[in-house]
Participant: 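A single structure is presented below for examination.
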Amino acid sequence: MKILQRYFAVSIFQAVLFVLLAFLALQAFIDLTGELPKVGRNGYTIQYAFLYVLVLVPGHVYEVMPIAALIGTIYTMAQFAASSEFTIMRASSMSTAMAAGFLFRIGIVFVVITFIFGELITPRTEPLAERLKLTSRGAAVSSEFRSGLWTKDMVKSDGLTGTVTGSRFFNVGEARPDGQLKNVKLYEFDTDMRLRTLTVAKGATYQGNNIWRLTDVTETSFSNSAATSPGFEPKLANYFGQETSLVRTVQSASKDMTSEVTPKILTVSASDPERMSASELAVYTRHLAENKQETERFRIAFWKKLIDPLAIFVLMALALPFAYMHTRSGGISLKIFIGIMIGVSFMLVNTLFSHLGLLSTWPAFLTAVAPSTLYLLLALGALWWVERH
């Protein structure tokens, strides 16, 4: 059986590699087509466009590996059926469970490769690609909002520890590729959400250990002592919490500030959750939860990041019934076409469940695992059908 296992593995690996390279070439061509209209603007040359597309390739490996595993396995199983090899294997005491075991062991390799690309390689190449594009244009990173990047953290009595004394909203006009922040505004509120300080800095540099060094700083402090003075109506305090006589402005060349917000959090806050690693999603989700912000979208993305590579096992199981279909059931090209349709439908259903889970507030884990469970039941049903017929 070791020889049979090796034969399965070599045949499937060759087919999956061929399909994977074809998908990557197609995706690279699409990416390059999208970049060509930008060539020649702001110093963005064709060389930078080719390099940018090349750096994006590892991210596409993670995206297309499950579909490549499905189509490659279907192609191999269809070839076995067309040449009657699978019939001979079954006559030699190979059961369906044994064939499924072969595919499972082969699938482990694909799952490990997918996890490596998704967790170790892509999180490094994606930011590198964006920095490459921005550096070539001399541009800066900003969010989709016209007002720049926004994020929030909690202000604590001892910096990163102690009791919570308020909250702080970050507004960054520009985050440059070298990590420098420009046009920074910090809105600090007390526990009653009354504005306590407004800090404006022309630049900020991360010093490590959760310390930011602000430069060219203008800090405006608002005293709320009037709100607690005798005879002051609490209701009026909500509307007239600050008075011009209680405003104090201080200017300084630089100032150090301790914050839970790090360059990593600023980077991921402007990123698409689907392109972040599971570790980044875990850190950012925890940051959002601590600051009482919406986390559902990132929780779903986190579980999908862990479960989607495991869908390779499900898709390869769906390919096994094709080995039981004889040539009269359709040629290899027809079976490959069916495999492509199955792969496309899986991607659509996966995306659909993500949106439905977000809208219906389903548990994040169930939202992520539901498509794979559905297709696993479909695979088991198909295997039962071919065994009976």
Participant: Can you hop from I88 to V10 via hydrophobic side chains spaced under 4.5 Å?
Facilitator: no
Participant: I need the single residue from L315, L318, L374 that forms a side chain to side chain contact (heavy atoms under 4.5 Å, CB included) with F346. Which is it?
Facilitator: L315
Participant: Between D192 (side chain) and R194 (backbone), is there a donor-acceptor pair under 3.5 Å?
Facilitator: no
Participant: Could you measure the distance from the OH atom of Y187 to the CH2 atom of W150? Nearest 0.5 Å is fine.
Facilitator: 5.0 Å
Participant: Applying side chain to side chain contact (heavy atoms under 4.5 Å, CB included) to I108 and F313, what does each step give before you reach the verdict?
Facilitator: CA-CA 8 Å; I108 291 175; F313 293 127; 3.8 Å; yes
Participant: Between Y375 and I342, is a side chain to side chain contact (heavy atoms under 4.5 Å, CB included) present by the stated rule, with each step listed?
Facilitator: CA-CA 9 Å; Y375 276 73; I342 293 174; 4.3 Å; yes
Participant: When you look at Q14 and F18, which way does the side chain to side chain contact (heavy atoms under 4.5 Å, CB included) test go after all the steps?
Facilitator: CA-CA 6 Å; Q14 288 177 344; F18 177 79; over 6 Å; no
Participant: Over 60° means perpendicular and under 30° means parallel, so tell me whether F13 and F110 are parallel, tilted or perpendicular.
Facilitator: perpendicular
Participant: Can any side-chain N or O of S95 pair as donor or acceptor with the backbone N or O of M98 at less than 3.5 Å?
Facilitator: yes
Participant: Please name the pair of heavy atoms, one in P309 and one in F115, separated by the smallest distance, quoted to 0.1 Å.
Facilitator: CB-CE1, 3.8 Å
Participant: After noting the C-alpha distance and the side-chain angles of F117 and M65, does the key distance pass the side chain to side chain contact (heavy atoms under 4.5 Å, CB included) rule?
Facilitator: CA-CA 10 Å; F117 273 92; M65 178 63 84; 5.9 Å; no
Participant: Show the nearest heavy-atom pair for residues A319 and I74, with the distance to one decimal.
Facilitator: CB-CG1, 3.4 Å
Participant: V57 versus D31: any side-chain heavy-atom pair under 4.5 Å?
Facilitator: no
Participant: Indicate yes or no for a side-chain donor-acceptor contact from S254 to the backbone of T215 under 3.5 Å, with no hydrogens or angles considered.
Facilitator: no
Participant: Tell me the closest heavy-atom pair linking Y62 and D308, and the distance in Å.
Facilitator: OH-CB, 4.4 Å
Participant: Please say whether more than 12 non-hydrogen atoms of neighbouring residues, nucleotides or ligands are located less than 6.0 Å from CZ in F302.
Facilitator: yes
Participant: Report yes if the side chains of L310 and S372 come closer than 4.5 Å at any heavy-atom pair, otherwise no.
Facilitator: no
Participant: Return the minimal non-hydrogen interatomic distance between A382 and P321, and the atom names on each side.
Facilitator: CB-CG, 3.7 Å
Participant: Could you see if Y206 belongs to whatever hydrophobic cluster contains I211? Use Ile, Leu, Val, Met, Phe, Trp, Tyr and a side-chain cutoff under 4.5 Å.
Facilitator: no
Participant: Given 3.5 Å as the limit, does a donor-acceptor pair link the side chain of W212 with the main chain of V261, or not?
Facilitator: yes
Participant: What I'd like to find out is whether the side chain of S167 reaches to under 4.5 Å of the side chain of K152, using heavy atoms alone.
Facilitator: yes
Participant: What distance do L366 atom CG and T373 atom OG1 have between them, rounded to the nearest 0.5 Å?
Facilitator: 8.5 Å
Participant: Mind checking whether L70 and L377 sit in one hydrophobic cluster, side chains of I, L, V, M, F, W, Y counted as touching below 4.5 Å?
Facilitator: no
Participant: According to the side chain to side chain donor-acceptor pair (under 3.5 Å) rule, which pairs have a member within residues 108-121, sequence neighbours left out?
Facilitator: none
Participant: Heavy-atom distance under 4.5 Å between the side chains of L36 and I46, does that happen here?
Facilitator: yes
Participant: About how many Å separate OG of S345 and CD1 of I340, when rounded to the nearest 0.5 Å?
Facilitator: 12.0 Å
Participant: Do K38 and Y48 form a cation-pi contact, if we require the NZ or CZ to be under 6.0 Å from the six-membered ring centre and within 45 degrees of the ring's axis?
Facilitator: no
Participant: For the residue pair F80 and Y7, does the interplanar ring angle fall in the parallel (under 30°), tilted (30 to 60°) or perpendicular (over 60°) class?
Facilitator: parallel
Participant: Rounded to the nearest 0.5 Å, how far apart are CE of M316 and CG of L320?
Facilitator: 9.5 Å
Participant: In Å, rounded to the nearest 0.5 Å, how long is the span from OG1 of T218 to NZ of K255?
Facilitator: 11.0 Å
Participant: State, yes or no, whether a side-chain contact exists between K156 and E260 at a heavy-atom distance under 4.5 Å.
Facilitator: yes
Participant: Please check this pair: side chain of S157 against backbone of T163, looking for a donor-acceptor N/O pair closer than 3.5 Å.
Facilitator: yes
Participant: Less than 4.5 Å apart, side chain to side chain, heavy atoms only: is that true for V155 and R196?
Facilitator: yes
Participant: Is L352 reachable from V344 through a run of hydrophobic residues whose side-chain heavy atoms are each under 4.5 Å from the next?
Facilitator: yes
Participant: Please find the pair of heavy atoms, one from G59 and one from T122, that lie closest to each other, and give the distance.
Facilitator: CA-OG1, 3.5 Å
Participant: Taking the side chain as every heavy atom from C-beta outward, state whether L186 and L214 have any atom pair closer than 4.5 Å.
Facilitator: yes
Participant: Which distance, rounded to the nearest 0.5 Å, do you find between the CG of L198 and the OG1 of T220?
Facilitator: 5.5 Å
Participant: Are L21 and I71 connected into the same hydrophobic cluster when the rule is that any two of I, L, V, M, F, W, Y join if their side-chain heavy atoms are below 4.5 Å apart?
Facilitator: no
Participant: Can you confirm whether N209 is buried at CG, in the sense that more than 12 heavy atoms of other residues, nucleotides or ligands lie under 6.0 Å from that atom?
Facilitator: no
Participant: Looking at N210 and S259, would you say the former's side chain and the latter's main chain have a donor-acceptor pair under 3.5 Å?
Facilitator: yes
Participant: Counting C-beta onward and ignoring hydrogens, is there a side-chain heavy-atom pair between F102 and M89 closer than 4.5 Å?
Facilitator: no
Participant: Which atom pair, heavy atoms only, marks the closest approach of A68 to V19?
Facilitator: CA-CG1, 3.8 Å
Participant: Hey, does the side chain of S360 reach the backbone of G357 with a donor-acceptor pair shorter than 3.5 angstrom?
Facilitator: no
